[in-house]
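Here the structure is a predicted model, which means the values were calculated and not measured. We use all heavy atoms of the structure for the numbers below, so side chains are in, but hydrogens, waters and symmetry mates are not.
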Amino acid sequence: MDLYNEFVQDFLKMSGNFPQAIMAWFVQKEVEPDQLGKELVTMANTLFRGERFVEAYWVFKACKTGFPEKPSIDLIDQLMASAKERCIAKAFQWLESEVICPPQEKPFLQKQLFMNISEIVEKNPALGAQLFNSPLDRRLEIELLPDQHLSDNRRFLIIDLDSLPPRRFDYQSIDSVEYGKVENGVCFYGLGGGAQVLSMFAITQIAYPYPQIGLYILEWSWSIFKANMAINTWNGLFDSERLFWYVGKEGYEAFFSYLRNEKQFLPSFGLHIDLEMSADAPAKVNAIVKEKEQEYFALMKQVENFYQNRSADEWREIFKRKKPLRVLGLTSIFTVYLQYCMRDWLEGFRSLGCETMLLIEKKSNVRLTNLYSLDMINRFEPDLILGICYNRSNFSFQIPQNIPFINWQQDKLKHCRTPETINSIKETDCIVTTYAYTLSWMLDEGYPKEKIYNSNYYPTNTNIYKPVRLSFGELEKYRCDVSFVSNCSQTAEESFKKLCEEYQHLGNRHLRFLSLFYEMIEEKFISWKSYPTNTDEYEILFKAFCEKEGIEDLPEKLIEEISYKFHFIGDRFLRHMPLETLSKNGVNLALYGHGWETNPRLGRFARGIARNGTELNLINNASKIVYHAISTSTFHPRFIDAAASGSFILVKHLESDFDPVARLFENGAEFLYFDGPLDITDKVTYYLNHEDERSKIAANICQKVQSYSYSRFAKSIVEMIATDPLNIKTV
């Protein structure tokens with residue numbers, strides 16, 4: 001096979017950064033670096049002459065990207081534009097010669113086709129290349145619907161003239177489909193008129209960090225696909241990570257090959273749009289799903305047998321570390337912070353010479369199925385499994401009881417407090433705590449005391465968070481007087497407005513009552529006296545206010561729910577008011593996190609997202625003062641990371657503090673409390689003008705935190721298990 005035909009085939013397998021992938025392909029074919037530009041231009045021209053216009057466009061783009069200094073760059077731009085124009089011209093020719101449509105609607109159809117062709121060429125080159133080089137397979141008619149009230153995207157239907165009788169793809173509504181039913185992916189058996197895809201795409205569109213719903217489109221006909229490009233606006237669909245296109249006979253086979261080999265995806269919902277296709281495809285999908293279920297149960301027996309046959313003597317040898325310990329961490333990309341804790345925890349084990357594996361979703365649109373998770377355990381054969389805020393029984397797949405399992409409990413989550421979870425804790429389970437408050441509530445809930453190991457400190461990754469010398473560019477980008485990293489950008493007013501919208505059904509009397517309660521909470525924060533800080537205090541206050549105002553018809557469960565939400569409203573007062581006071585006094589703030597740019601009073605200080613790790617360390621190092629405030633506890637991982645970075649930290653003092661930083665660090669010598677907006681203004685002003693004192697306090701806490709490493713944290717756990725690996729006890 002010559003280089004041209006080989007490239008055409010391999011182009012369909014490329015993904016990600018196409019110019020980079022194309023150049024890597026030529027390098028793999030042993031093209032010399034000094035000949036690469038020439039070879040790219042030669043290949044692009046050959047593709048152009050062979051009417052492979054999408055491939056030609058991207059090879060020209062690779063040449064432009066890789067060799068921007070070439071004097072012929074203007075010519076390459078012209079060739080790229082010409083390649084795209086040829087794609088659009090071919091699409092228009094198809095519409096003119098192969099499709100029956102109302103003459104008066106042709107300008108609209110051409111406009112849609114132009115937009116979608118431009119989109120597919122730019123955003124999904126492999127799919128675009130298939131589209132322009134696949135044979136037309138049926139005659140179609142595009143008919144105008146009489147319902148003029150429908151939007152432009154829904155005023156046409158497609159008729160397949162080659163079917164007997166002709167099939168009409170109309171616009172059945174799927175707005176009633178519930179999100180919960182499609183949590184693991186939707187299969188579209190046929191594309192039809194495209195309305196169902198657009199509706200489902202809108203219904204399942206949710207914000208990060210929550211799981212994204214994968215949409216898998218199986219469509220036999222390239223003609224049907226192309227007709228959809230003439231009647232629908234598909235902006236944003238061709239480059240969406242959660243939309244997968246399987247078109248034509250090759251695509252149909254590719255989908256089932258993917259489903260058989262992919263252990264991270266099993267569809268949970270199917271939409272039958274093309275009845276001809278759905279007679280066969282759903283049955284094939286269901287058969288594969290059943291095969292995978294059987295594979296899971298067989299694999300579960302295999303894993304259980306492997307660990308059941310491991311004797312106590314073998315376990316002892318393993319934890320005496322005669323060979324490297326194998327440690328598996330379970331977490332999710334859909335956590336805000338816990339995924340980074342697991343990353344650092346495993347790094348701590350690696351520093352001890354352990355082999356580690358992180359089990360986490362690869363993409364936001366693909367779940368870790370039970371089969372995939374168990375398969376990874378079977379392949380890795382871990383000696384120890386780690387979870388964070390999940391006990392062994394909280395996972396949907398079965399973790400053999402004979403493997404030691406550690407749950408690092410950080411938050412008071414419902415699934416960890418059920419009798420079923422607590423009663424499921426066995427000999428080889430252990431719960432690690434780093435918070436005094438966590439230890440307290442677990443003992444109150446009935447966790448067995450001998451199963452809890454309290455480290456009494458929160459670890460930090462001292463390989464990431466440390467004092468560094470900043471470059472000029474880093475200083476320019478991150479320098480500020482006071483930085484704050486948190487996703488709490490929504491104001492108290494906005495939060496309360498959403499609460500009122502949620503409880504609008506309660507009626508005007510109760511909404512007025514909620515407004516009065518909100519005003520009382522606001523007044524407490526304005527005066528900065530006797531304000532509540534945790535959910536329990538809000539519930540006590542709310543019940544007392546109900547009694548005072550004569551509100552007797554709110555159910556207990558609803559009172560708990562509303563109190564919980566008012567706690568977050570109060571949290572915004574507590575965090576925002578000091579920041580707003582600093583801003584009024586001319587302090588240069590830097591606010592990192594989602595949504596700060598929309599905050600009406602603090603938006604001008606928004607700096608975007610702070611990526612956990614190296615960037616967060618740079619932010620800490622570039623900030624003269626790091627601001628820390630949260631309504632429940634002053635002891636927080638972000639405090640520890642800032643301390644390890646060598647930062648001067650101002651912390652909001654809480655009267656009711658679940659876990660005070662003062663139990664580990666000295667106020668005034670290693671960090672500084674503040675008591676409200678006026679107090680923080682005085683302290684910020686003072687320490688901005690007294691750099692020596694600020695630096696000394698920062699250095700003191702940085703030195704102390706060096707002993708709070710993940711390496712030490714991991715080592716203490718290994719030593720604890722090594723005492724008796726099948727009967728973990730507190731040490």
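- Between Y337 and Y340, the angle of the ring planes goes over 60°, which puts this pair in the perpendicular group of the 30/60° scheme.
- Annotation: E295, atom CD; neighbour count of heavy atoms from other residues, nucleotides and ligands within 6.0 Å is above 12.
- E502 CD: more than 12 foreign heavy atoms inside a 6.0 Å radius.
- The environment of K284 atom NZ is dense: over 12 non-hydrogen atoms of other residues, nucleotides or ligands sit within 6.0 angstrom.
- Among L359, V327, T356, I377, the single residue meeting the side-chain contact (heavy atoms from CB on, under 4.5 Å) criterion with P382 is I377.
- Remark: of the listed residues Y437, W408, Y708, W408 is the sole one forming a ring-ring contact (aromatic ring centres under 6.0 Å, His included) with Y458.
- Ring geometry for F244 versus Y216: interplanar angle under 30°, hence parallel rather than tilted (30 to 60°).
- The environment of NZ in K263 is crowded: more than 12 heavy-atom neighbours from other residues, nucleotides or ligands sit within 6.0 Å.
- By the 6.0 Å contact criterion, CZ on F297 is open, its count of non-hydrogen atoms from other residues, nucleotides or ligands being 12 or less.
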**Report entry** Derivation of the ring pair (Phe, Tyr, Trp, His ring centres under 6.0 Å) call for Y372 and F397
**Finding:** CA-CA 10 Å; Y372 177 82; F397 65 97; 9.9 Å; no

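- Looking at D344 and F713, their side chains never come closer than 4.5 Å, going by heavy atoms from C-beta outward.
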Requested in this report: Check the pair Q398, E304 against side-chain hydrogen bond (donor to acceptor under 3.5 Å, both in side chains), reporting the backbone distance first and the verdict last.
Outcome: CA-CA 9 Å; Q398 188 169 330; E304 285 179 339; 2.5 Å; yes

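- The one candidate from Q196, H272, E219 that meets the side-chain contact (heavy atoms from CB on, under 4.5 Å) condition with F188 is Q196.
- Looking at heavy atoms from C-beta onward, E539 lies in side-chain contact with E556 at the 4.5 angstrom threshold.
- A 4.5 Å side-chain heavy-atom check between Y457 and S707 finds every atom pair outside the cut-off.
- Donor-acceptor pairing under 3.5 Å is recorded for the side chains of W25 and D10.
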In a table with atom names and distances, give each donor-acceptor pair under 3.5 Å that connects a side chain of residues 631-640 to protein atoms at least two apart or in another chain.
{"unit_1": "S631", "atom_1": "OG", "unit_2": "H567", "atom_2": "NE2", "d": "3.0"}
{"unit_1": "S631", "atom_1": "OG", "unit_2": "D571", "atom_2": "OD1", "d": "3.0"}
{"unit_1": "S633", "atom_1": "OG", "unit_2": "F635", "atom_2": "N", "d": "3.2"}
{"unit_1": "S633", "atom_1": "OG", "unit_2": "F635", "atom_2": "O", "d": "3.2"}
{"unit_1": "S633", "atom_1": "OG", "unit_2": "D659", "atom_2": "O", "d": "3.1"}
{"unit_1": "T634", "atom_1": "OG1", "unit_2": "D657", "atom_2": "OD2", "d": "2.6"}
{"unit_1": "T634", "atom_1": "OG1", "unit_2": "V661", "atom_2": "N", "d": "2.9"}
{"unit_1": "H636", "atom_1": "ND1", "unit_2": "R638", "atom_2": "N", "d": "3.0"}
{"unit_1": "R638", "atom_1": "NH1", "unit_2": "V485", "atom_2": "O", "d": "3.2"}

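- Counting only heavy atoms from C-beta outward, the side chains of I609 and H594 approach each other to under 4.5 Å.
- Both the sub-6.0 Å distance and the 45° axial angle are not jointly satisfied by R350 relative to the ring of Y710.
- Ring geometry for F568 against Y564 counts as perpendicular: the plane angle is over 60°, on a 0 to 90° scale with 30° as the lower cut.
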Report task. Run the numbers on V289 and E293 for side-chain contact (heavy atoms from CB on, under 4.5 Å), then give the verdict. Result -> CA-CA 6 Å; V289 170; E293 287 175 352; 3.9 Å; yes

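- Residues Q130 and L127 are in side-chain contact: their nearest non-hydrogen atoms beyond the backbone lie under 4.5 Å apart.
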Just distance, no hydrogens or angles: give the donor-acceptor pairs under 3.5 Å from side chains in residues 384-394, sequence neighbours left out.
{"unit_1": "N391", "atom_1": "OD1", "unit_2": "N407", "atom_2": "ND2", "d": "3.2"}
{"unit_1": "N391", "atom_1": "ND2", "unit_2": "Y447", "atom_2": "OH", "d": "3.2"}
{"unit_1": "R392", "atom_1": "NE", "unit_2": "D429", "atom_2": "OD1", "d": "2.9"}
{"unit_1": "R392", "atom_1": "NH1", "unit_2": "P400", "atom_2": "O", "d": "2.6"}
{"unit_1": "R392", "atom_1": "NH1", "unit_2": "I403", "atom_2": "O", "d": "3.0"}
{"unit_1": "R392", "atom_1": "NH2", "unit_2": "I403", "atom_2": "O", "d": "2.8"}
{"unit_1": "R392", "atom_1": "NH2", "unit_2": "T428", "atom_2": "O", "d": "3.2"}
{"unit_1": "R392", "atom_1": "NH2", "unit_2": "T428", "atom_2": "OG1", "d": "3.2"}
{"unit_1": "R392", "atom_1": "NH2", "unit_2": "D429", "atom_2": "OD1", "d": "3.0"}
{"unit_1": "S393", "atom_1": "OG", "unit_2": "S424", "atom_2": "OG", "d": "2.8"}
{"unit_1": "N394", "atom_1": "OD1", "unit_2": "N391", "atom_2": "N", "d": "2.8"}
{"unit_1": "N394", "atom_1": "ND2", "unit_2": "H415", "atom_2": "O", "d": "3.2"}
{"unit_1": "N394", "atom_1": "ND2", "unit_2": "T421", "atom_2": "OG1", "d": "3.0"}

Report task. Would you sort out whether S716 and Y453 count as a side-chain contact (heavy atoms from CB on, under 4.5 Å), showing the intermediate values? Result -> CA-CA 10 Å; S716 66; Y453 171 70; 3.2 Å; yes

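- Surrounding CZ of R611 are at most 12 heavy atoms belonging to other residues, nucleotides or ligands under 6.0 Å away.
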